[in-house]
Amino acid sequence: MLSSFFLKRRSGRLCLLALLLGPLGLTSFVMPFQDAPAQSIFPGQPRHLPPGEDRRFIDPRREMRLLLQEAKANQHTNHFCLIAYAWPDGRVRAAVHWLEGKRLIPWEGRDPRSWQARQADSLLAAPYIDLTRDLVDTPQEKARESYYHLRAEAEGTLEDCQANGVRYTILPFDVGPNEAHSWSGR
């Protein structure tokens, strides 16, 4: 626990203080803020999860390429940011921000044991938040449509991704005849 705190905090003084006071159980005042943002599309996430800690998020570039291929956005450079979260009960989720597509995609990751077999866990199949259409400012507005999300929650997730997420750049690529619709098995 303390070692993950060490890796995530950038302030040397704070880390040193936590290291010295940790064995005494006196670190609660040293860590007054949560690891996760106050506003988020995911309620109650307790901590960030480095993507390399969970096999579902180790290398999402294939998923990103499939999304770009389906959206016919593979002829120009695209930028993504991925931030993953873990809950105490073992659940993990990520938020993937596709900058050019103006999408924020809540994603459960790709189960590596079923890479070719299951498509339900594909980034392409995940429902997404259209950042130009699906954001509202009040809970009353959100209650009108099931796909609406609060702007403050989406902005909190985007800021968290910029500060703590992993960034990916996908360069333009051509789709070969064997790759066309490879995600759906057609």
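By convention here, the first residue in the shown sequence is residue 1.
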Identify all side-chain donor-acceptor contacts of residues 92-100 below 3.5 Å with residues at least two apart in sequence or on another chain.
from	atom 1	to	atom 2	distance (Å)
W98	NE1	N78	OD1	2.9
E100	OE1	H79	N	2.7
E100	OE2	H79	ND1	2.6

Quiz item: Can L67 and I105 be said to form a side chain to side chain contact (heavy atoms under 4.5 Å, CB included), step by step?
Solution: CA-CA 11 Å; L67 176 65; I105 309 166; 3.9 Å; yes
Exercise. Report the C-alpha distance between Y168 and D59 in whole Å, list the side-chain angles of each, state the deciding distance to 0.1 Å, and finish with yes or no for side-chain hydrogen bond (donor to acceptor under 3.5 Å, both in side chains).
Key: CA-CA 10 Å; Y168 298 90; D59 188 2; 5.6 Å; no
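Counting heavy atoms from C-beta outward, P60 and F80 have side chains that stay 4.5 Å or more apart. By the 4.5 Å heavy-atom criterion applied to side chains, R65 and I170 are counted as neighbours.
In this structure, E70 contributes its side chain and L66 its backbone to no donor-acceptor pair below 3.5 Å. Counting only distance, with no hydrogens or angles, the side chain of E63 and the backbone of L123 share a donor-acceptor pair below 3.5 Å.
For the pair R133 and Y147, the cation-pi test (distance below 6.0 Å, angle within 45°) is passed.
Note: the hydrophobic cluster containing L158 does not contain Y148 (ILVMFWY, side chain heavy atoms under 4.5 Å, direct or indirect links). No continuous path of ILVMFWY side-chain contacts below 4.5 Å connects L131 to L150, so the two sit in separate hydrophobic clusters.
Shown here for W87 and Y85, the closest heavy-atom pair between the two residues is CZ3-O, 3.9 Å. In terms of heavy-atom proximity, R151 sits nearest to L135 at NH2-O, 3.3 Å.
When ring centroids are compared, W107 and F57 come within the 6.0 Å threshold.
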